[in-house]
Amino acid sequence: MEIALVEKNQYRFRIEQREPMRVPGVVFASRALLPQAAGDKALEQVANVATLPGIVRASFAMPDVHWGYGFPIGGVAATDISHGGVISPGGVGFDISCGVRLLAAGIDREALGRDRMRRLMDILDSTIPRGMGRGGLWKLSGAGEMDDLLVGGARYAVERGHGVPRDLARCEDYGVLDGAAPGQVSRRAVERGLHQVGSLGSGNHFLEVQAVDQVYDPATAAAFGLRVGQVCVMIHCGSRGLGHQVCTDHVRVMDQELHRYRIQVPDRQLACTPVDSPRGRAYLGAMAAAANYGRANRQLLSEATRHAFATAADVGLELVYDISHNTAKLETHEVDGVARSLCVHRKGATRALPPGDPGLPEDLVRAGQPVLVPGTMGTASYVMVGLPGNDAFHSACHGAGRVWSRHHALRMVRGERLRGELEARGIAVRPSSWRGLAEETPEAYKDVDTVAAVTEGAGLARLIVRLVPLGVVKG
DNA sequence: ATGTTC
C-alpha cells in the first residue's frame with residue numbers, strides 16, 4: 001500500500017485514508033524519528049491495521065514505532081465490539097502482557113556505594129533466572145496450580161507469599177486481568193509455562209538497577225515515591241513460552257477461519273476474528289490467562305530482587321507501578337460523542353491514564369498513571385504520567401524502539417567488547433549470552449531521550465523522572 | 001518475543 005504522509009504539526013503525522021483503509025493513520029513522531037529507513041515497513045503496517053473491521057478513530061503509531069508481526073510494535077488500534085469489531089493476536093504480540101515494573105529502593109546511590117553495589121549485582125547475577133528456554137524461580141505443582149495462577153495473576157503470587165498486598169495496588173488492574181479462561185490455553189502452552197514462572201527470558205528483557213538522575217515534576221515524583229539520587233529497579237519481561245504458545249495456537253486457527261467471517265486483510269499476519277464471536281472470546285480468555293502469567297512472572301522476579309537487596313544492603317523495595325505494553329483490553333471510550341465499548345489493542349504501547357481516572361488506585365488518582373518507558377542497555381529510562389486529551393485511547397510509547405535488525409547488530413558489534421565499554425562507563429553488566437548482549441547494543445535502538453521528549457511534545461504523556469543505569473542483569 | 005525451524 002502506498003503511504004501518503006501529511007505533517008499535521010511538529011509531532012503528529014497523518015496517513016490519509018484511502019481504500020481499503022477504514023480510518024486514517026496517525027503517527028506521533030518528529031521528522032527525525034519517522035521510520036523511513038530502507039526496508040522498514042512500519043508505516044505500511046499502520047495503514048494495513050486501518051483496514052481492520054470495526055476500527056474506530058484511527059490506526060495510531062507511537063514515537064517508538066517499528067516493524068512487527070502484522071501490527072507494528074508501537075501500534076494502537078481500537079475496534080467497536082458492537083459493530084463487527086475484531087480482535088487480532090498480532091495486535092497484542094507474541095509476548096502477551098510483556099511489560100515493565102519499577103521498584104524504588106529505600107536508599108540513594110551514594111549511600112549504596114561501590115562495594116555493596118558489586119555484592120548486589122553478584123547476588124542478582126546468581127539468582128535471577130534468564131536466557132532462552134531457562135527455568136524459573138517457582139516450579140508449579142501441575143496443571144491445577146497453573147489454572148489458579150492463570151486466573152489469579154500477581155494476586156495469586158501474593159496470596160502464595162510472593163510479595164505483599166500493597167504491591168497489588170500498584171499493578172495495572174490490581175495484578176489480575178479479568179476474564180481469564182485457562183481452558184483456552186493449550187496443554188502445550190501450559191507445559192511450556194510450568195517451569196518458567198519467575199524468569200526474565202531473553203531478547204530485550206532485562207532487570208536493571210538504576211538511579212533517579214533528574215526530576216522534572218517533584219510533586220508527581222513524590223506521589224510515585226521517587227526522589228533524586230534514589231536507587232530503583234526496573235524489570236522488563238513477559239509471559240515466556242506460555243504466552244508465545246497461546247499466540248501461535250490462536251493465530252493459526254484465526255488464519256484458517258478468516259473466510260468464515262468474510263474478513264479480508266492485506267496481510268495474513270493480521271489474522272483476526274470478531275471480538276463478539278466464540279473464537280474471539282476464546283482468544284480473549286486465553287490472552288487474559290497469559291497476561292496473568294506475565295504479571296505473576298514479574299511479581300516473582302520482584303520477590304527475588306527484594307531478597308538480593310535485603311542481603312546486600314538491608315533495604316526494602318516499594319513497587320512504583322507495573323504496566324503491560326502488549327495487551328488487548330475491553331474499554332469504554334467516547335467516539336464521535338458516543339460512549340462505545342471498544343477492544344483496544346496496544347502492542348508495544350502502554351496505557352497512560354490521566355489524573356482523575358477511576359481506573360487508578362486511590363493514592364495515584366490525583367497524580368495520574370505512571371507510564372514506564374524503559375530505554376535500552378546503557379541508556380536512560382523514564383517515568384512519565386498520563387495526560388488528559390490523549391486521543392490515542394490514553395496510550396503512550398513503551399521504550400526506545402528498534403532501528404537495527406538483530407542480524408545487523410550481530411554483524412556490527414561484539415558482546416565482549418560492548419560489555420567492556422559499558423563497564424568502563426561504570427555500568428555493571430551481567431549477560432546471559434554474548435550474542436544476546438550484542439543484539440541489544442544501544443546503537444540498535446532509537447534515542448530514548450528523543451522518544452520521551454517527542455512523546456511529551458505530542459501530548460501523550462508528561463515527563464516526571466529520568467533514570468540512569470547502574471547495573472544490568474541481561475536476559 | 002520464542003524449547004531462536006511443528
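Bear in mind the structure is a predicted one, so any value in this text is a computation, not a measurement. Every chain is numbered from 1 and lettered A, B, ... according to where its sequence line falls, protein lines coming before strand lines.
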Exercise. Verify the contact: side-chain N or O of A:R240 to OP1 or OP2 of B:dT2, cut-off strictly under 4.0 Å; return yes or no.
Key: yes
Quiz item: For residues 258-274 of chain A, which residue pairs qualify under side-chain hydrogen bond (donor to acceptor under 3.5 Å, both in side chains), counting only residues two or more places apart or in two chains?
Solution: A:D255-A:R268
Practice problem: Indicate, with a heavy-atom threshold strictly under 4.0 Å, whether A:G238 touches base, sugar-phosphate, or nothing. | Solution: nothing
Quiz item: Does A:S202 put a side-chain nitrogen or oxygen below 4.0 Å from OP1 or OP2 of B:dT2?
Solution: yes
Self-check item: Under the side chain to side chain contact (heavy atoms under 4.5 Å, CB included) test, residues paired with A:L418 that sit two or more places apart
Solution: A:M377, A:V413, A:E421, A:L422, A:L437, A:T441, A:P442
Practice problem: Send over the distance from A:K347 NZ to B:dA1 C1', rounded to a whole Å. | Solution: 10 Å
Quiz prompt | A:N297 CG - B:dT2 C1' separation (whole Å) | solution = 14 Å
Practice problem: Using a heavy-atom cut-off of under 4.0 Å over every strand shown, decide if A:N204 touches base, sugar-phosphate, or nothing. | Solution: sugar-phosphate
Quiz item: Atom CZ of A:R435 to atom C1' of B:dT2: distance rounded to whole Å?
Solution: 13 Å
Practice problem: Would you mind checking if A:E439 and A:R402 are paired as a salt bridge, meaning a charged N to carboxylate O distance below 4.0 Å? | Solution: no
Exercise. Under 4.0 Å between any heavy atoms, over every strand shown, what does A:R134 touch: base, sugar-phosphate, or nothing? Just pick one.
Key: nothing
Exercise. Specify the separation, in whole Å, of atom CD1 of A:I73 and atom P of B:dT2.
Key: 13 Å
Quiz item: Base, sugar-phosphate, or nothing: which does A:Q196 touch, judged by heavy atoms less than 4.0 Å apart?
Solution: sugar-phosphate
Quiz item: Nearest nucleotide by nearest heavy atom, which residue falls closer to the 5' end of DNA chain B, A:E440 or A:R252?
Solution: A:E440
Quiz item: Could A:R155 and A:Y174 be counted as a cation-pi pair, given that NZ or CZ must be under 6.0 Å from the ring centre and within 45° of the axis?
Solution: no
Practice problem: Indicate, with a heavy-atom threshold strictly under 4.0 Å, whether A:G93 touches base, sugar-phosphate, or nothing. | Solution: nothing
